[in-house]
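Just so you know, these numbers come straight off a predicted model, no measurement behind them. Just the heavy atoms: all of them, side chains too, but no hydrogens, waters or symmetry mates, feed the values below.
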Amino acid sequence: MEDLFGGNIEEKEDSSRFFADVIIPVPIPKMFTYKIPKNFRDEIGIGFRVIVQFGKKKVLTGVIAKVHQKPPAAYEAKPILDLLDNHATVNPLQIRFWAWMAEYYCCNIGDVMNAALPSGLKLSSESKIQVNPTFDQDTSPYPLDDREETLLQALANKGELSYEDCESVLGIKSIHPIIKSLVIKEAILVFEQVKEKYSPKVESRIRLSKAFFTDKKKLEKLFHELSSKPKQEEVLLKYLQEVPVYRQPELNSRGLEKSVFSEAGLSASSLKTLIKNGVLEEYKLIISRFQEAAPSKEEITLSEYQEKALVKIKEELQEKNTLLLHGITGSGKTEIYITLIKEALASGSQVLMLLPEIALTTHMVGRLRQVFGSSMGVYHSKYSDNERVEVWNGVLSGKLSFVLGVRSSIFLPFDSLGLVIVDEEHESSFKQFDPAPRFQARDAAIMLAWLHQAKTILGSATPSFESFYNARTQKYGYVALDRRYGEAQLPEYILSDILVDKKKNLLKLDFTRLLRESIQEALKNQEQVLIFQNRRGYSPYISCEDCGWIPECEHCDVSLTYHQFNEEMRCHYCGFKEKVPKTCPACGSNKLSAVGLGTERIEESLSLLFPEARVARMDLDTTRSKFGYQRLLEEFGSGNVDILVGTQMITKGLDFDRVTVVGVMDADRILFFPDFRAGERAFQQITQVAGRAGRREKKGKVIIQTRKPEQQIFHQIIQGDYKNFYLQEMGDRQRFFYPPFVKIIKIVTRHKDYKVAERAARNLHHLMEDIPVKKILLGPEKGLIGKIKNQFIFETIAKLDKSGNAPAQFKQAINELINELQSHKDFRSVRFLIDVDPY
DNA sequence: AGCACGCCGACT
DNA sequence: GTCGGCGTGCTC
């Protein structure tokens, strides 16, 4: 039977699968429609990765979002070039999640795809060259120079060369001109080759060949022959010793790791000979990059107190989808998490647990690994791309049903989440600032859980005001753990007045007498000390004592931070660095001095004040390497370090019994930061770092250096009075319209020309005033940092009514306004960024 | 975002 | 005369 188009019924079956809307990893607010070639119409589906041509030159990996039959009206769709998968790499739930994120955070779905897929799952297209088949050197009108000849010769041998190959063939860096010239002379063709970036880890293994394995007589004969070749005999014996194939024949198929032979000091050439003679055979096995670890059988025993909390959590989750677990440091949240995770897994659900990046290398991972073994995937930003692809595939195949990860792990291909935990939910690092998508992983995780009909638990000792507010207004469930686990006692807080000590001349190298004496005593008792200062480098800036000159970044509107260890001044915004000048470039004076306090300088001061102590520093500069953070932690944990100086990093997960003194160098720096959230952050940071002090039998001491000890917030921190602090701050938040009472959307305008940036921002502000939504607009104001990377920055803040669809309406309107502005020639090169819930 | 097409200055 | 600067328009 034939249909109208002359195809038979079988073909009609896939007539609904002519076209596909494809997500392309480019910042364009659209999906693109491609034609599905006949030969994979039956296989293709949502979430499959495909190769498509995009534009004239680019070949990209796309993800199918929709399959349909509607041909695009305005253009001829290009065909999909290839199908990369025989299964969906991304599931339909994820596509919905991506679409939600693009809409909510005002970015392109391609941006979300870029953030979501590990780059190993996106293909790279590599430019390669081949000989032009129509080229004949003898008849060519163009003469070739030596280099071109060499390249053609190499090409004739190899068939094709990548640009890198060309570089190594010619031994020079700039091969582009040569390739260009050869293309013009029609000697070569350039083509794009797509290649899979992910490469599985393979292991060489050795096993006995089939002939010898099945025929024992043959083996005996072989040993007879080998008696004159002791080295080969040794190798074979080693194999039989390690793999007793005659007693357990099934072992032979897996064989033995090749490296075993070399590690045993056996001859590699004898092994080679045995392989050549067909006695042994070598094969490759794809192995996991992650070590196998068996889950422990240990029972988690909860204290009576924890047990009660657990019951309450389950009760609350009957009614509410999200729950705030407000547990002070050391209250035993981890055991409760473990119990809940185990139960969720036992019921067949998947579990995702998010941690801020700096907390992910610590105690918690080790503890969970102990319980869940290698059935738990870990997704960390310091993992290589191959490792990430393996976690992705592990989730996809169902091998990993529990993942512990940083904010980007919300993008893993879960299909049946039952529980999502966000620990340390107040941490600002859950918010991605740059690039798009500018998402808040905690909020996105709640959305993700909702898509899966899963439950979310937010855990923190110092909840974000948003979450606490949601708990108090009954939107979230709420369970508090306000007792420390075991016998650990709450630390004693002492405020130490910097100004008083300064007057009495007791302030030495920025340390008050109280703090110095406390450190001294701790050292005497062989105890450890933590010093917290949220500023890395030696000092925030250098200044000329005679004329007041301060070195500033050439590209940004900030002073350069002085790093003493390499005598450099660095910009923490763009990475610009410069040597410290010998004399002041403004007045020639040589009295240049470092002003202010950074971790490096504190480290130095401590070595001067306590020459017998072993001091270490933990900040971005000392933990850049993959294991830098872990190494420092181990050093400190093993007692090789007496005093640890650090930034935010030390407020997380350090769980050491010997810490009895915690010093906060400059509490005012946190408190007087110009931001409505400064108080909230100060409370969180000081409480968190204080939580590191004194855990078991001994009470810890927390010494806070400040110039304004009378501030009420200190007394609330000291009393652990989160609630009253919250209530008081919330009064201001409500009066002055700040979150969580309003929704904030920040619009950032950037341009290399100050005037253009300002005018664009003003224009946009004007246009925004007419959006028919109840709102308060602030700005445009020069950014906190007026210039970053040579781009001037202006910000406008919109405060919106949270309820109803005002935010959605507003976002849509802004997008239209931005489009309108950008079609104007003056503002074409202006960048507008929308940051939803910027925090 | 890239990348091609297109129109005006300093170089062989 | 050309190489190349980056303004602007488009990508299924």
- Would you call the rings of A:Y383 and A:H380 parallel, tilted or perpendicular, where under 30° means parallel and over 60° means perpendicular? tilted
- Do you see a donor-acceptor pair shorter than 3.5 Å between the side chains of A:Q153 and A:E149? no
- Query: When A:D835 is tested against each of A:K743, A:K431, A:K811 for salt bridge (Lys or Arg N to Asp or Glu O under 4.0 Å), which residue passes?
  - Reply: A:K431
- Task: Grab the NZ-C1' distance between A:K70 and C:dC12 for me, whole Å please.
- Result: 13 Å
- With under 30° as parallel and over 60° as perpendicular, where do the rings of A:F97 and A:F411 fit, or are they tilted in between? tilted
- Scan side-chain atoms only and decide if A:E357 and A:S429 contain a donor-acceptor pair under the 3.5 Å cut-off. no
- Could you tell me whether A:R570 and A:D621 have a side-chain N and a carboxylate O separated by less than 4.0 Å? yes
- Take atom CG of A:L60 and atom C1' of B:dG2, then tell me their distance rounded to the nearest Å. 10 Å
- Task: Quick one: which residue pairs count as a salt bridge (Lys or Arg N to Asp or Glu O under 4.0 Å) with a foot in residues 73-93 of chain A, not counting sequence neighbours?
- Result: A:K35-A:E76, A:R49-A:D85
- Task: Could you tell me the separation between the CD1 atom of A:I24 and the P atom of B:dC3, rounded to a whole number of Å?
- Result: 15 Å
Filtered N/O pairs between nucleotides 5-11 of chain C and protein, under 3.5 Å:
| unit_1 | atom_1 | unit_2 | atom_2 | d |
| --- | --- | --- | --- | --- |
| C:dT11 | O3' | A:G55 | N | 3.2 |

Please produce a list of atom pairs where a protein N or O lies less than 3.5 Å from an N or O of nucleotides 6-9 of chain B.
none

- Item | A:E387, A:R407, A:R388 screened by side-chain contact (heavy atoms from CB on, under 4.5 Å) with A:Y379, the one that passes | A:R388
